[in-house]
Participant: 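Provided herewith is a single structure, encoded as structure tokens, for subsequent inquiry.
Computed from heavy atoms alone, side chains included, the values below leave out hydrogens, waters and symmetry copies. Here is how names work: the chains are called A, B, and so on, in the same order as the sequence lines, proteins then strands, and each is numbered from 1. Given the structure is predicted, the values throughout are model-derived calculations rather than measurements.
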Amino acid sequence: MEKYEPKEIEKKWQKYWEDNGTYKNYSREKKFYALDMFPYPSGVGLHVGHPKGYIATDVVSRFKMLNGYSVLHPMGWDAFGLPAENYAIKNKTNPNIFTAKSVANYKKQLEMFGFTYDWDREINTTDPQYYKWTQWIFLKLFEKGLAYESNAPINWCPSCKTGLSNEDLEDGKCERCGSEVEQKPMRQWVLKMTEYADRLLYDLDSPELDWEDMIVEQQKNWIGRSEGVQFEMKIKDSEEKIEVYTTRIDTAFGITYAVVAPEHPIIEKLKDKISNYAEIVQYVEDANRKTNLERTELQKEKTGKRLAEIEVINPFTGEAIPLFVADYVLGGYGTGAVMAVPAHDERDFEFAKKYDLSIVEVISGGLITENAFVEDGILINSEDYSSLSSQEAREKMADWLEKEKIGKRKVNYKMRDWVYSRQRYWGEPIPIIHCEKCGAVAVPEEQLPVMLPDVENYEPTGTGESPLAAITDWVNTTCPKCGGPGKRETNTMPQWGGSSWYYLRFIDPKNDKELVNKELEKEWMPVDLYVGGAEHATRHLLYARFWHKFLFDIGVVSTIEPFKKLLHVGLIMAEDGRKMSKRWNNVVNPDEIIAEFGADAMRLYEMFMGPFTQSIAWSTSGVSGTKRFLDKVWNVGSELAINKHINFESSADDSGKHDIKVLLNKTIEKVSKDIEAFKFNTAISQMMTFMNKFPGLEISINDFEKFLIVLAPFAPHIAEELWETIGHKESIFLQAWPEVDEKYLQDEEVEMVVQVNGKVRERLMVAYDVTEDEIKETALENAKVKVFTNGKEIKKIIFVPGKLINIVVVD
RNA sequence: GCCCAGGUGGUGGAAUUGGUAUACACGCCAGUCUUAGGAACUGGUAGAGCAAUCUGUGGAGGUUCGAGUCCUCUCCUGGGCACCA
């Protein structure tokens, strides 16, 4: 018997599958689209954490193939990004060179795992034939008014020298480099994601989407819908007014002042009336200089300035109250102005304490001399509304505002429109031409793609233009509308552009007439299983859903959601429990693991480590466990191939035959269920339990073949090799998944627990279908049981068939 | 502060409607084999006790014949959001 040499058989079968197109069986009746979040091919290559999600989709893909599905399981490259660009800046070479090298390296590493990828469908976001369609989508958004230019202040990373979207921030810092971002007004392209806010929110609960709670909740929080009212407060002795937004209109009789954000236009409008205007201007300038971080994290000390002499009117009481400017009010949310109720809002309470403003209690239940009482309650001091509940009052007061035409019900979102331009080189050019006469004009569709030209210097300029601005040949063009002189847009798209629709391109990767063929799209969409990192919950997954809904609206796609089932991969930490990082010198390279244990053992180990979505520390000695398991499979399989029948201990009798059939059928059942439920760890432990019966039990070759098919999704190479050794000519992956034989799901004998008052006192081997009457006598007469029942009155007996009998006695 | 997910042996973890707590694996211990080390294989492995037995799923209560699982309170860990009015 030959020894199990993974290295040889793995190469052999990887070549065989590729040469024979074993996976490309696309004409079956049922379809399954399994997708991984495609990687950014970095220069350093994979560590053992990266492939975990790919292994899971591969297991599911192979399982589905064996169950008669056409399976689409593609891979590609999200290749626009900073590392390649930084390499280009340093070496003054086109980032394409770096990208191509990294892609080749990644592909080589991925191929060692024996994944079922159809490499004919490989895509790369930096390929002009690909980004042509990314640009096309932008043009459609522009055409529908969903892409617009804005000059509002946005997040600016001084180190990356580019504007960023809210989704690109982490704790108010640049997600890529960790620098604190500034607020900087600049011309930029913005996508109207807020127009889709409601659908993005509500469709999270639609039956077309079946995601983990964690991700759903994160998106809901991010979208941040709140229902309230917006109403106007008149400025006393003036025609001007401010609009404020609140979710707590029930507290309106407790308003003692109002606040506007530093960027609020009313300040400028009232400058003749504000007696301390110079001071106010100074405050606004100071506030603008603060970074996001200073403005939000240093919240312990609130600051503000009263707009001297200015007073606003509370429409409910007619009372005139002071108006402040303070940076605890955000300019970008709601109206940028709020009513302040110190008795029932913590921030207002703190501010009122500091500036000695009055605090009026209007909801009973708290102790407002100590703290703001922020919960709902019963209204007091609120004229006609007194003694209503907060909930009732909110309805009645909103009704009144609407009737008087002072205000209206209003929904607000935390989510902002998507800041879509970057002042960097390595991204898709935005297909727009600026014309002095016509304004921003779309590049005609037939001129796509707008190619990203080579430049001499890839360094970001910091001026609000990308390095493309330096190529005057490219920038200067003619306006497609009037034929006059025009200038090309020099900003590029963010990293998230290409990845917001790539799942559609895999379906029809070479189509140069349309983004995706409609028939094929209907055939394959939605993605049935999507696996990737949880860090994309509020970035990629939000953007992709937004674009998908837009593509649905313009008739490109037929489903309202792109990804049916979403699963996040739990991180693999280093053995020391920290994140794997060059910095800590704790990175484990998959090439070395595969060289030592084989790809199959590595695949098994990563699926066996623990629950798939949980983050767990790597253990190289753990891989030796799954390797030992495969050794055993190899030995039993090889023995069988020679003898066609196995009986390690010659005395195995007929009952052994029944036992192994039961174990086999239980294994088939459990593995099938567990793969569907993504409980790969318990599926593998069941297969281990099965193999642990050898030597000892007798098994026929037919039964062992069934086991091999069940093992095949996890350890495809060894399964295929043994399948061949046994004498089969056709790939194991063209076989049918074994059916569970119901008559072999029940053990003949089971262990029955005998309890007294719920405590285990004895275990008896009994026929599985023993009845209460049959077992009662035996149990009561049992010596160990008697010790605890002697001389006591038996109150009742509880019997659970096949499991236990519990004798309840009076103590 | 708010939202989500979790707390089970030395370690990763397992446990249908409440029904044998610790499956499977790592590690460790002992044995076999080996010139030796390693590998491989076999057996053992929650804690206390000579034993019968007792105690054990973060903690405190509760419901129940019976609770890792259900209820109330509480502590801790990881993740997300966060001056969003």
Participant: Parallel, tilted or perpendicular for A:Phe351 and A:Phe324, by the 30°/60° rule?
Facilitator: perpendicular

Participant: Please state how far atom NZ in A:Lys414 lies from atom P in B:C3, giving the value in whole angstrom units.
Facilitator: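 So the NZ-P distance, A:Lys414 to B:C3, works out to 12 Å.
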
Participant: Give one of base, sugar-phosphate or nothing for A:Asn692, where a contact means two heavy atoms less than 4.0 Å apart.
Facilitator: sugar-phosphate

Participant: Classify the nucleic acid contact of A:Lys759 as base, sugar-phosphate or nothing, counting any heavy atom under 4.0 Å across all strands shown.
Facilitator: sugar-phosphate

Participant: Rounding to the closest angstrom, what is the interatomic distance between B:U8 and B:A15 at atom C1'?
Facilitator: 10 Å

Participant: In whole angstrom, what separates A:Glu217's CD from B:G6's C1'?
Facilitator: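 Rounding to the nearest Å, CD of A:Glu217 and C1' of B:G6 are 16 Å apart.
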
Participant: If I compare all heavy atoms of A:Val671 with all of A:Ala683, which pair ends up nearest, and what's the gap?
Facilitator: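 Between these two residues, the closest heavy atoms are CG2-O, 3.7 Å.
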
Participant: Let me check something: any side-chain donor-acceptor pairs from residues 618-625 of chain A under 3.5 Å, sequence neighbours excluded? List them with distances.
Facilitator:
{"unit_1": "A:Trp618", "atom_1": "NE1", "unit_2": "A:Thr620", "atom_2": "OG1", "d": "2.8"}
{"unit_1": "A:Ser619", "atom_1": "OG", "unit_2": "A:Ser621", "atom_2": "OG", "d": "3.2"}
{"unit_1": "A:Ser619", "atom_1": "OG", "unit_2": "A:Gly622", "atom_2": "N", "d": "3.1"}
{"unit_1": "A:Thr620", "atom_1": "OG1", "unit_2": "A:Glu575", "atom_2": "OE2", "d": "3.4"}
{"unit_1": "A:Ser624", "atom_1": "OG", "unit_2": "A:Ser621", "atom_2": "O", "d": "2.4"}

Participant: State whether A:Arg761 places a side-chain N or O below 4.0 Å from either non-bridging phosphate oxygen (OP1 or OP2) of B:C54.
Facilitator: yes

Participant: Does the structure show a Watson-Crick or G-U wobble partner for B:A14, both distances under 3.5 Å? Name it, or say none.
Facilitator: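 Paired with no nucleotide.
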
Participant: State whether A:Lys408 and A:Glu232 are salt-bridged, where the test is any N-O pair (Lys NZ or Arg NE/NH1/NH2 against Asp/Glu carboxylate O) under 4.0 Å.
Facilitator: no

Participant: Using heavy atoms to find the nearest nucleotide of RNA chain B for A:Met688 and A:Lys795 separately, return the residue whose nucleotide is more 5′.
Facilitator: A:Met688

Participant: Both distances under 3.5 Å, Watson-Crick or G-U wobble: report the partner of B:C50, or none.
Facilitator: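 The answer is none; no pair meets the criterion.
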
Participant: Determine the Euclidean distance between corresponding P atoms of B:U22 and B:A67; express it in Å to zero decimal places.
Facilitator: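 Between the two P atoms, the distance is 16 Å.
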
Participant: Rounded to whole angstrom, note down the C1' distance from B:G80 over to B:U42.
Facilitator: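 Nearest-Å result for B:G80 against B:U42 at atom C1': 50 Å.
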
Participant: Give, for atom NZ of A:Lys414 and atom CG of A:Asn166, the distance between the pair rounded to the nearest 0.5 Å.
Facilitator: 12.0 Å

Participant: Could you state the CH2-P distance from A:Trp634 to B:A40, rounded to the nearest angstrom?
Facilitator: 18 Å

Participant: Does A:Lys220 get its side chain close enough to the base of B:C3, under 3.5 Å, for a donor-acceptor pair?
Facilitator: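 Checked by distance alone, the answer is no.
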
Participant: Just how far, in rounded Å, is C1' of B:A23 from CZ of A:Phe690?
Facilitator: 17 Å

Participant: Using atom C1' of each nucleotide, how far apart are B:U20 and B:G56 to the nearest Å?
Facilitator: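 That atom pair is separated by 15 Å.
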
Participant: Side chains of A:Leu164 and A:Leu169: does their closest heavy-atom pair fall under 4.5 Å?
Facilitator: yes

Participant: Between P on B:C81 and CD1 on A:Ile223, what's the gap in Å once rounded to a whole number?
Facilitator: 14 Å

Participant: Would B:G9 be called syn or anti, given that syn covers angles within 90° of 0?
Facilitator: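 Here the answer is syn: the torsion falls within 90° of 0.
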
Participant: Considering every strand shown, what is the Watson-Crick or G-U wobble mate of B:U42 when both distances are under 3.5 Å?
Facilitator: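 By the stated definition (distances under 3.5 Å), B:A30 pairs with B:U42.
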
Participant: Determine which nucleotide pairs with B:C70, using a 3.5 Å limit on both distances of a Watson-Crick or G-U wobble pair.
Facilitator: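 B:G62 - that is the nucleotide pairing with B:C70, both distances being under 3.5 Å.
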
Participant: Provide the distance between the two P atoms, one in B:G43 and one in B:G37, to the nearest whole Å.
Facilitator: 23 Å

Participant: For B:U22, what is the paired nucleotide under Watson-Crick or G-U wobble rules, both distances under 3.5 Å?
Facilitator: none

Participant: Of all the choices, B:A85, B:G79, B:C24, which nucleotide is nearest to the side chain of A:Thr246 once you look at every atom?
Facilitator: B:A85

Participant: Nearest-Å distance, CG (A:Asp250) to P (B:A85)?
Facilitator: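 In whole Å, B:A85 P lies 13 Å from A:Asp250 CG.
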
Participant: Would you indicate, yes or no, if B:A85 has its OP1 or OP2 atom less than 4.0 angstrom from a side-chain nitrogen or oxygen of A:Tyr333?
Facilitator: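 So the side chain of A:Tyr333 is within the cut-off, an N or O lying under 4.0 Å from OP1 or OP2 of B:A85.
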
Participant: Quick one: is A:Arg628 getting a side-chain N or O under 4.0 Å of the B:A25 phosphate, OP1 or OP2?
Facilitator: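 So the side chain of A:Arg628 is outside the cut-off, no N or O lying under 4.0 Å from OP1 or OP2 of B:A25.
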
Participant: Measure from CE on A:Met339 to C1' on B:C83 and round the result to the nearest Å.
Facilitator: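 Answer to the nearest Å: 16 Å.
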
Participant: Tell me the interatomic distance from A:Leu169, atom CG, to B:A82, atom P, rounded to whole angstroms.
Facilitator: 9 Å

Participant: Just by distance, do the side chain of A:Asp376 and the backbone of A:Ser390 share a donor-acceptor pair under 3.5 Å?
Facilitator: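 Between the backbone of A:Ser390 and the side chain of A:Asp376 there is no qualifying donor-acceptor contact (under 3.5 Å).
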
Participant: Is it true that, when you exclude A:Lys795 itself, more than 12 heavy atoms of the residues, nucleotides or ligands shown sit nearer than 6.0 Å to its NZ?
Facilitator: no

Participant: Counting only Watson-Crick or G-U wobble pairs whose two distances fall under 3.5 Å, which nucleotide matches B:G6?
Facilitator: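 Partner of B:G6: B:C76.
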
Participant: When you match A:Ile684 and A:Gly334 each to their closest nucleotide on RNA chain B, which lands nearer the 5' end?
Facilitator: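 Its nearest nucleotide lies further toward 5', so the answer is A:Ile684.
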
Participant: Indicate yes or no for a side-chain donor-acceptor contact from A:Arg539 to the backbone of A:Glu167 under 3.5 Å, with no hydrogens or angles considered.
Facilitator: yes

Participant: Quantified in whole Å, what is the C1' atom distance between nucleotide B:G7 and nucleotide B:A21?
Facilitator: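 After rounding to an integer number of Å, I get 16 Å for this pair.
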
Participant: Between B:C26 and B:A14, how many Å separate the two C1' atoms, rounded to a whole number?
Facilitator: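 Looking at atom C1' only, B:C26 and B:A14 are 15 Å apart.
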
Participant: Tell which nucleotide pairs with B:G1, taking only Watson-Crick or G-U wobble pairs whose two distances are both under 3.5 angstrom.
Facilitator: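 Across all strands, the one nucleotide that pairs with B:G1 is B:C81.
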
Participant: Could you measure between the two P atoms, the one in B:U16 and the one in B:G10, and give it in whole Å?
Facilitator: 24 Å

Participant: Could you encode protein contacts along nucleotides 9-22 of chain B as a string, one character per nucleotide from 5' to 3', using B for base contact, S for sugar-phosphate-only contact and - for no contact, with a heavy-atom cut-off of under 4.0 Å?
Facilitator: ---BSSS---BBS-

Participant: Could you grab the distance from atom OH of A:Tyr768 to atom CE of A:Met752, nearest 0.5 Å is fine?
Facilitator: 13.0 Å

